[in-house]
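Taking it in order: structure first as structure tokens, then the write-up.
Note on naming: letters A, B, ... go to the chains in the order of the sequence lines (proteins, then strands), and numbering restarts at 1 for each one. The basis for the numbers below is simple: all heavy atoms, side chains too, and nothing from hydrogens, waters or symmetry mates.
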Protein chains: 2
Amino acid sequence: MSLLNDRDFCFKRPSKGPRLTELKSSDDVQLLAKNGYYIALRVGFAFPLEEVNALPAAWVDHYTTHRFMLHDPVIRWIYANTGAIAWSGIDLPDPMRVLDQAQTFGLRYGVAVACFDGNREGQRSFGTFARSDREFERAEIDALHAYVVKLHHAKAPPTNLTKAELEALKMVKEGQRLKQIAHTLGVSEGAVKQRLKNAKTKLGAQTSAQAAAMVGEFGLI
Amino acid sequence: MSLLNDRDFCFKRPSKGPRLTELKSSDDVQLLAKNGYYIALRVGFAFPLEEVNALPAAWVDHYTTHRFMLHDPVIRWIYANTGAIAWSGIDLPDPMRVLDQAQTFGLRYGVAVACFDGNREGQRSFGTFARSDREFERAEIDALHAYVVKLHHAKAPPTNLTKAELEALKMVKEGQRLKQIAHTLGVSEGAVKQRLKNAKTKLGAQTSAQAAAMVGEFGLI
DNA sequence: AATGGACTCTCCAAAAAGGAGAGTACTAAT
DNA sequence: ATTAGTACTCTCCTTTTTGGAGAGTCCATT
């Protein structure tokens, strides 16, 4: 029996044979990228809004200590391209033999994915996924690509927050009480509450604490 | 190359000669790095906890669009070394002529700084600073180095938070109310309050919202 | 003149914060 | 083996902060 089943993956079975369609959660990804994966979301000038690092700790250690990033052909491909490709298809030099070393950590076969949605800030997202037993199939590569694109869009920062709302959230995040905030801004406490309420609605947050943390992570304040 | 040296831990200067006073704030840095600067704090596997980007918007745009990062000799130096150096002293190839292009954006003379404090996660911090009118002086380079080291230490994540405290903070950050948290954890609401109170004390936070945002930014939850 | 959006306010109920006190668990020193 | 110290956990009680409903103002657009 395949490790992939309906519950884990969401197959569709159209006319010809089983088809992998959509990865819903990190669990689904874990099943495909058995030996680890790494996703960086919304990389701007140099760094991302969020990263998911599910690579083996030993490899992360080795990679960090040797500062492989700038020499890693996978990273180089990701920075230079958009789309998805198997590691084996990347035609770039690997003078530090990063990929060979990766193999000794169980990262033998892999996929690199990069996407960009034409946003003004030039933010890009990318991921790399690995397994040791066999090469990834085309449908799997496409599914991983779609997954990263989905996360990329999900992490699009909200654009409808007003200046006043962001201002209030910033002050909440900095540990100020409503009374202080109101005083500093020269408005009523109720006004501050209303701003926070609007912000929470727009962000889908349950509490001001959550809303403040969210805008912080989006880099909006 | 030594990863660790005295200068990484404390900034002292011998008594003789004019001494550049310590850089206290980003304003001080702005005065020195007239044409812009960039600081990345606590870069782990690949990305930092925080970045300060005060480079000219046009350059950031150009740099991002052309994905210079992997080709930038300054970045390559920073990843490979510890200490501080004038751009002009970096002896690395620049096939994409990143530095030449930087000049056309007012970034003519510059300094690169990198530091590492021997922490377990291998986190490093670095910065690069630019001006167009003249080369940086040795004392200025040292002061900028000290500034980055200071920020690096300031961003050291607290290590004294208990599992219970982090757990509570995480749930606050996710928008849960104390009642919910208490129920989920199977403890009294008072217990949750106490955990949050301890966390706030340890973090020097005024409110739970602030504490939750802080641990989030430290990457502790 | 009407509509919609952002902002403001008040009042009341619900939630969170803060203080004091006390029990438990584990460590290090006597 | 006892003791002291430290860190963590919990309860109870009071005060302060917050959240939520409803309504009003101001302003730009239609």
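- Between B:H183 atom NE2 and C:dA15 atom C1' the separation is 18 Å, expressed in whole Å.
- The CD atom of A:E189 sits 13 Å away from the C1' atom of C:dC11 (whole-angstrom rounding).
- Heavy atoms of B:N198 sit under 4.0 angstrom from at least one base atom.
- Rounded to an integer number of Å, the gap from B:K163 NZ to D:dT9 P is 11 Å.
- In this structure, B:T207 reaches neither bases nor backbone, as no heavy-atom distance under 4.0 Å exists between it and the strands shown.
- Residue A:L178 is the one, among A:K197 and A:L178, whose nearest nucleotide of DNA chain D lies closer to the 5' end (criterion: closest heavy atom).
- In this structure, B:S208 reaches the C:dA17 phosphate: one of its side-chain N or O atoms is under 4.0 Å from OP1 or OP2.
- Counting only heavy atoms from C-beta on, A:V187 has its side chain closest to C:dC9 among D:dG19, C:dC9, C:dA17.
- Of the side-chain N and O atoms in B:R177, none sit less than 4.0 angstrom from OP1 or OP2 of D:dT17.
- Atom pair B:I181:CD1 and C:dA16:C1' shows a separation of 11 Å (rounding to whole Å applied).
- Taking the six-membered ring for Trp and the full ring otherwise, the centers of B:Y79 and B:F126 sit less than 6.0 Å from each other.
- A 6.0 Å sphere centred on NE2 of A:H153 holds more than 12 heavy atoms belonging to other residues, nucleotides or ligands.
- Proximity of the aromatic rings of B:F68 and B:H62 is defined here by a centroid distance below 6.0 angstrom, and this criterion is met.
- Ion pairing between A:E217 and A:R42 fails under the 4.0 Å rule for side-chain N and carboxylate O.
- No hydrogens or angles were tested; on distance alone, a donor-acceptor pair under 3.5 Å links the side chain of A:K193 to the base of D:dG19.
- To the nearest angstrom, P of D:dT9 lies 11 Å from CG of B:L161.
- Contact annotation: side chain of B:Q194 to base of D:dC10, donor-acceptor pair present below 3.5 Å.
- Look at CG on B:L185: it is 15 Å from C1' on D:dC8, rounded to the nearest Å.
- Regarding contacts with the backbone of C:dC7, every side-chain N or O of A:R195 stays at 4.0 angstrom or more from both OP1 and OP2.
- For the pair B:K170 and B:E174, the salt-bridge criterion is met [side-chain N within less than 4.0 Å of a carboxylate O].
- Within 4.0 Å of B:K202, counting heavy atoms only, lie sugar-phosphate atoms of the nucleic acid but no base atom.
- Side-chain atoms of B:R76 come within 3.5 Å of backbone atoms of B:L70 as a donor-acceptor pair (strictly under, hydrogens ignored).
- Nearest nucleotide to the side chain of B:K200, out of C:dC9, D:dT9, C:dA17: C:dA17.
- Across the protein-nucleic acid pair, B:L196 atom CG and D:dT9 atom C1' stand 13 Å apart, rounded to whole Å.
- Looking at heavy-atom distances under 4.0 Å, B:K179 makes contact with sugar-phosphate atoms alone, never a base.
- Side-chain N/O atoms of A:T162 include one lying less than 4.0 angstrom from OP1 or OP2 on C:dC7.
- Between A:S188 and the phosphate of C:dT10, there is no side-chain N or O to OP1/OP2 separation shorter than 4.0 Å.
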